[in-house]
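Here the structure comes first, spelled out in C-alpha cells, and everything after it is commentary.
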Amino acid sequence: MQIKNAEQLFIRLLSEVNNAERQITKALPKLAKATDNQQLSEAFQTHLEETRGQVERLEQVVDSVESLRLKRIKCYPMESLIEESQDLIDNIERGPLLDAALIGAVQKVEHFEIAAYGTLCALAGQLGYTDAKNLLAETLKEEESTDEKLSTLAKNDVNQKAG
C-alpha cells in the first residue's frame, strides 16, 4: 500500500495495531499459564480482559470515521515480540527467573503499544477525528497503566525472587 497522506498513514497504523491486539489476546493466556507468580498471572489475565476491550474500542474507532476501512496487515513487530516471549518460556526453567523475563517481554509489548497509540492519537487529532482520538487515548492510558503495574510488580516482588 502506497502511503501518500496522513489519513492513509492513520489507516495503516490502525490496521497494524488492530492485528497486534488480536495477536496479544492469543498470547496472554499462554503467558499467564507459564508464570508461577499468582500476582503476575492475575496481571496477565487482567490485561487480557483489557485487551479484549481494546479490540472492541478499535472497532468503535473505525465506526467513528465514516470513510475508514481497516486493511489486512500483519503486525510483524508484535509477532516477533510474542515469539520472543515463547522462546523465554521454552528456554528458562519455570520459576522466578522466567517470571522476571516475562515481565520484561510484556513490557516490550506495552512500550510498542504506547508508541503506536501515541502516534495514532496525534494523527487522529491532526485529521480532526475527535471521537477516534478520545477512544485511542483511553487505550493509551490503559497501556501506560499496565506498564506501570508490571514495573511495580517487578521491583517489589518478582525481580528480588529471581535473584
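From a predicted model like this one, the values you see are computed outputs, not experimental measurements.
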* Between Ile82 and Ile92, is there a shared hydrophobic cluster once you connect ILVMFWY residues whose side-chain heavy atoms come closer than 4.5 Å? -> yes
* Do any N or O atoms from the side chain of Ser145 and from the backbone of Glu142 form a donor-acceptor pair under 3.5 angstrom? -> no
* If you measure only the distance, is there a donor-acceptor pair under 3.5 Å linking the side chains of Tyr129 and Glu7? -> yes
* Check whether Leu140 and Leu9 end up in the same hydrophobic cluster, where Ile, Leu, Val, Met, Phe, Trp and Tyr are linked by side-chain heavy atoms less than 4.5 Å apart. => yes
* To the nearest 0.5 Å, how far apart are NZ in Lys141 and SG in Cys121? -> 9.5 Å
* Path from Ile73 to Tyr76 over hydrophobic side-chain contacts below 4.5 Å -> no
* To do: For a side chain to side chain donor-acceptor pair (under 3.5 Å) with His47, tell me which candidate from Lys149, Glu110, Arg52 qualifies.
  => Glu110
* Asked: Does the side chain of Glu42 come under 3.5 Å of the side chain of Gln38 through a donor N or O and an acceptor N or O?
  -> yes
* **N/O donor-acceptor pair under 3.5 Å between Gln8 side chain and Lys4 backbone** => yes
* To do: List the steps, then state whether side-chain contact (heavy atoms from CB on, under 4.5 Å) holds for Leu136 with Leu58.
  => CA-CA 8 Å; Leu136 293 163; Leu58 286 170; 4.1 Å; yes
* **salt bridge (charged side-chain N to carboxylate O under 4.0 Å, His left out) against Glu138, all qualifying residues, sequence neighbours excluded** => Arg57
* **Point-to-point distance, once rounded to the nearest 0.5 Å, from CD of Glu144 to OH of Tyr117** => 12.5 Å
* **Full working for side-chain hydrogen bond (donor to acceptor under 3.5 Å, both in side chains) between Glu49 and Gln45** => CA-CA 7 Å; Glu49 292 309 312; Gln45 290 291 343; over 6 Å; no
* For Lys74, does its backbone N or O pair with a side-chain atom of Glu16 as donor and acceptor, under 3.5 Å? -> no
* To do: Check whether more than 12 heavy atoms from other residues, nucleotides or ligands sit under 6.0 Å from atom CD of Glu83, and answer yes or no.
  => yes
* **Sidechain-backbone polar pair: Thr25 side chain, Arg22 backbone, donor-acceptor under 3.5 Å** => yes
* Keeping the roles fixed (side chain from Ser41, backbone from Asn37), state whether a donor-acceptor pair exists under 3.5 Å. => no
* **Side-chain heavy-atom pair Arg12, Lys71 within 4.5 angstrom cut-off** => no
* To do: First locate atom NZ of Lys108, then atom CG of Asp147, and finally report the distance between them rounded to the nearest 0.5 Å.
  => 13.0 Å
* Would you indicate whether the side-chain heavy atoms of Leu40 and Leu150 approach each other to under 4.5 Å? => yes
* To do: Apply the test side-chain contact (heavy atoms from CB on, under 4.5 Å) to residues Ile11 and Arg69: give CA-CA distance (whole Å), side-chain angles for both, the deciding distance (0.1 Å), then the verdict.
  => CA-CA 7 Å; Ile11 291 167; Arg69 300 288 176 265; over 6 Å; no
* Glu21 and Thr139: side-chain donor and acceptor closer than 3.5 Å? -> no
* Asked: Side chain of Ser15, backbone of Arg72: donor and acceptor closer than 3.5 Å?
  -> no
* Under 3.5 Å, side chain of Arg94 to main-chain N/O of Thr35, donor-acceptor pair present? -> yes
* Report yes or no: do Glu143 and His111 form a side-chain donor-acceptor pair below 3.5 Å? => no
* Atom OG1 in Thr119, atom CD1 in Ile114: separation rounded to 0.5 Å? -> 11.5 Å
* Asked: Counting distance only, does the side-chain N/O of Asn159 pair as donor-acceptor with the main-chain N or O of Ala100 below 3.5 Å?
  -> no
* Asked: Within a strict 4.5 Å, meaning less than it, do heavy atoms of the Leu102 and Ile89 side chains meet?
  -> yes
* Would you kindly confirm whether Ile103 and Phe112 end up in one hydrophobic cluster when ILVMFWY residues are joined by side chain heavy atoms under 4.5 Å apart? => yes
* With side chains defined as the heavy atoms from C-beta onward, is the minimum distance between Leu14 and Val62 less than 4.5 Å? -> yes
* Any donor and acceptor pair, going by atom type alone, linking the side chain of Asn19 with main-chain N or O of Cys75 inside 3.5 Å? -> yes
* Do Leu28 and Val158 share a hydrophobic cluster, counting only Ile, Leu, Val, Met, Phe, Trp and Tyr and linking them when any side-chain heavy atoms are less than 4.5 Å apart? -> yes
* Would Leu31 and Ser85 satisfy side-chain contact (heavy atoms from CB on, under 4.5 Å), going step by step from the backbone distance to the final call? -> CA-CA 8 Å; Leu31 299 177; Ser85 66; 3.8 Å; yes
* Residues Gln23 and Glu79: side-chain donor-acceptor under 3.5 angstrom -> no
* Run the numbers on Gln54 and Glu50 for side-chain contact (heavy atoms from CB on, under 4.5 Å), then give the verdict. => CA-CA 6 Å; Gln54 292 165 358; Glu50 277 183 350; 4.3 Å; yes
* **Glu113 side, atom CD; Leu81 side, atom CG - distance, nearest 0.5 Å** => 9.5 Å
